[in-house]
K.L.:
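Quick one: the structure is below, and I'll ask about it shortly.
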Amino acid sequence: MLELSHVSGGYGSSQVLFDVSLSVPEGKIVTLLGRNGMGKTTSVRAIMGLVPTRTGITLNGLSLCGAAPDAIARRGIGLVPEGRLVFPTLTVHENLVATASNRMKRKNPWTLQRIGELFPRLRERAQQYARTLSGGEQQMLAIGRALMTNPNLLILDEATEGLAPVVRGEIWHCIEALKAEGQSILLIDKNLNVLKRLADYHYILEKGRTVWSGDRAALERDGELVNTYVGI
Ligand SMILES: Nc1ncnc2c1ncn2[C@@H]1O[C@H](COP(=O)(O)OP(=O)(O)OP(=O)(O)O)[C@@H](O)[C@H]1O
Ligand SMILES: [Mg+2]
């Protein structure tokens, strides 16, 4: 579905990505791992068209390079960005409907009703301004907003970062429910223990390069090497 093949890119004259390759097959959960500053968020920005790239990124065989961010979103990629970035002066309800659509004509699309079932707390707070939500609630809103675009591929950049264990558990529970539905997900997170259980395939970035990749069994087998790369 999503393919990155030897992608390079960066910010102005400062190159951050040197050789990033990864692929997210339909219906799978794939992780992008690596220590702070290794280029995970920059890779996500490259996929979304927020960091310019010349070649190497395709979605269902068609290039995404050079496309505008809104065009890329319309092609079916939903992003839950690092730091949440909900619209602070809109209510929960307004945040959810602001970018909602079902362009891919998904059967059983995400609706306000279904988001309310997934995150009852958002339903209770529908009329509350997003800036007044707790961190965990903002994260749920960011996920809900991305789901309301009915993406073929969902990208979560540090969705559990800085959350209390209980709230983190709710987010993991949500991701498990999405997996059961067959949602394709690219997941960036530092909780390796949960990712081991949840994800189908893993990639590790080191200084803007894909230096290791493997499935669940390979992750077990190469545990020591993986730990040196992700710094645990
Ligand atoms: N807007 C920017 N302009 C210039 N350099 C940037 C910009 N954003 C990030 N960088 C640099 O790019 C490198 C990779 O950063 P990136 O945010 O992609 O890392 P990351 O793997 O997501 O890290 P973290 O785990 O801390 O989120 C870092 O050296 C960072 O300083
Ligand atoms: Mg990051």
Side-chain angles (χ1 to χ4, degrees), residues 1-7 17 19-35 38-48 56-62 64 72 75-82 104 106-108 110 118 139 142-143 146-147 149-161 168-206 209-232:
M1 179 177 218
L2 177 74
E3 289 276 350
L4 273 68
S5 173
H6 307 293
V7 170
L17 307 180
D19 186 8
V20 178
S21 297
L22 66 87
S23 99
V24 185
E26 180 99 49
K28 299 290 181 197
I29 299 193
V30 173
T31 73
L32 189 53
L33 308 171
R35 286 194 305 269
M38 290 301 156
K40 303 181 299 294
T41 297
T42 305
S43 299
V44 169
R45 291 196 187 124
I47 294 166
M48 298 309 293
I57 307 182
T58 59
L59 184 68
N60 298 322
L62 297 173
L64 292 181
I72 291 173
R75 289 196 24 204
I77 304 185
L79 172 65
V80 179
E82 190 176 28
M104 303 296 149
R106 181 196 284 241
K107 288 178 209 134
N108 193 19
W110 288 96
L118 188 66
Q139 191 65 66
I143 295 173
L147 289 174
T149 68
N150 287 291
N152 288 341
L153 171 69
L154 182 66
I155 303 178
L156 296 147
D157 191 354
E158 311 268 9
T160 66
E161 171 93 11
R168 201 176 274 181
E170 283 180 53
I171 304 285
W172 288 128
H173 181 74
C174 154
I175 293 169
E176 252 165 293
L178 295 175
K179 181 185 163 93
E181 279 203 10
Q183 174 74 55
S184 317
I185 302 176
L186 178 61
L187 200 50
I188 297 169
D189 207 278
K190 300 210 165 72
N191 294 283
L192 201 55
N193 283 337
V194 182
L195 298 180
K196 269 182 192 162
R197 176 170 56 79
L198 212 58
D200 302 292
Y201 211 82
H202 308 272
Y203 291 87
I204 298 181
L205 279 192
E206 173 91 353
R209 291 184 166 83
T210 304
V211 291
W212 184 92
S213 67
D215 62 8
R216 205 170 286 180
L219 190 70
E220 278 310 321
R221 191 187 59 225
D222 295 347
E224 221 162 289
L225 178 72
V226 167
N227 284 346
T228 59
Y229 278 131
V230 300
I232 294 170

K.L.:
Less than 3.5 Å apart, which donor and acceptor atoms pair up between the side chains of residues 152-159 and the rest of the protein, not counting sequence neighbours?
P.N.:
from: D157; atom 1: OD2; to: T41; atom 2: OG1; distance (Å): 2.8
from: E158; atom 1: OE2; to: K190; atom 2: NZ; distance (Å): 2.8

K.L.:
Ignoring hydrogens and geometry, is there a side-chain-to-backbone donor-acceptor pair from N150 to W110 under 3.5 Å?
P.N.:
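Side chain of N150 to backbone of W110: a pair is present.
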K.L.:
Please list all pairs passing the salt bridge (charged side-chain N to carboxylate O under 4.0 Å, His left out) test where one or both residues lie in residues 216-226, with sequence neighbours left out.
P.N.:
D200-R216
K.L.:
Under 3.5 Å, sequence neighbours excluded: what are the donor-acceptor pairs made by side chains of residues 21-34?
P.N.:
from: S21; atom 1: OG; to: H6; atom 2: N; distance (Å): 2.8
from: T31; atom 1: OG1; to: H202; atom 2: ND1; distance (Å): 2.9

K.L.:
Evaluate V20 against R209 for side chain to side chain contact (heavy atoms under 4.5 Å, CB included), listing each step before the verdict.
P.N.:
CA-CA 5 Å; V20 178; R209 291 184 166 83; over 6 Å; no
K.L.:
Which pair of heavy atoms, one from V80 and one from Q139, lies closest together, and at what distance?
P.N.:
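Of all heavy-atom pairs spanning V80 and Q139, the closest is CG1-NE2, 3.2 Å.
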K.L.:
Dump the intermediate steps for salt bridge (charged side-chain N to carboxylate O under 4.0 Å, His left out) on R45 and E82, then the final yes or no.
P.N.:
CA-CA 10 Å; R45 291 196 187 124; E82 190 176 28; 5.1 Å; no
K.L.:
If you look at every heavy atom in A146 and P151, which pair is closest and at what distance?
P.N.:
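It is O-CD, 3.3 Å.
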K.L.:
Return the set of residues passing salt bridge (charged side-chain N to carboxylate O under 4.0 Å, His left out) with E3 (not counting sequence neighbours), or none when no residue passes.
P.N.:
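E3: no salt bridge (charged side-chain N to carboxylate O under 4.0 Å, His left out) contacts found.
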K.L.:
Between C174 and I143, which heavy-atom pair has the shortest distance, and what is it?
P.N.:
SG-CG2, 4.1 Å
K.L.:
Work out which heavy atom in M48 is nearest to a heavy atom in L79; give both atom names and the distance.
P.N.:
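So the minimum-distance heavy-atom pair works out to CG-CD2, 3.9 Å.
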K.L.:
Could you walk me through whether L219 and Y201 satisfy the side chain to side chain contact (heavy atoms under 4.5 Å, CB included) test, starting with their C-alpha distance in whole Å, then the side-chain angles of each, then the deciding distance to 0.1 Å, before giving a yes or no?
P.N.:
CA-CA 9 Å; L219 190 70; Y201 211 82; over 6 Å; no
K.L.:
Within the 4.5 Å heavy-atom criterion, are L205 and K40 side-chain neighbours or not?
P.N.:
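Result yes, sub-4.5 Å side-chain heavy-atom pair found.
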K.L.:
What distance separates L2 CG from I47 CD1, expressed to the nearest 0.5 Å?
P.N.:
5.0 Å
K.L.:
Kindly write out the residues that satisfy side chain to side chain contact (heavy atoms under 4.5 Å, CB included) with E206, not counting sequence neighbours, or none if the list is empty.
P.N.:
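Partners of E206 by the side chain to side chain contact (heavy atoms under 4.5 Å, CB included) criterion, ordered by chain and then number, come out as R35, M38, V211, Y229.
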K.L.:
Is there side-chain contact between E176 and R197, with at least one heavy-atom pair below 4.5 Å?
P.N.:
yes
K.L.:
Once you round to the nearest 0.5 Å, how far does CG of L178 lie from CD1 of I185?
P.N.:
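If we round to the nearest 0.5 Å, L178:CG and I185:CD1 are 5.0 Å apart.
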K.L.:
Answer whether the closest heavy-atom distance between the side chains of L147 and L118 falls below 4.5 Å.
P.N.:
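Touching, per the 4.5 Å side-chain cut-off.
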K.L.:
Can you give me the closest heavy-atom contact between L17 and S43, atom names plus distance?
P.N.:
CD2-OG, 3.5 Å
K.L.:
Given L64 and I77, is the side chain to side chain contact (heavy atoms under 4.5 Å, CB included) satisfied, shown in steps?
P.N.:
CA-CA 11 Å; L64 292 181; I77 304 185; 3.8 Å; yes
K.L.:
Can you sort out the partners of T160 under side-chain hydrogen bond (donor to acceptor under 3.5 Å, both in side chains), two or more places apart, ordered by chain and number?
P.N.:
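Result, side-chain hydrogen bond (donor to acceptor under 3.5 Å, both in side chains) vs T160: D189, N191.
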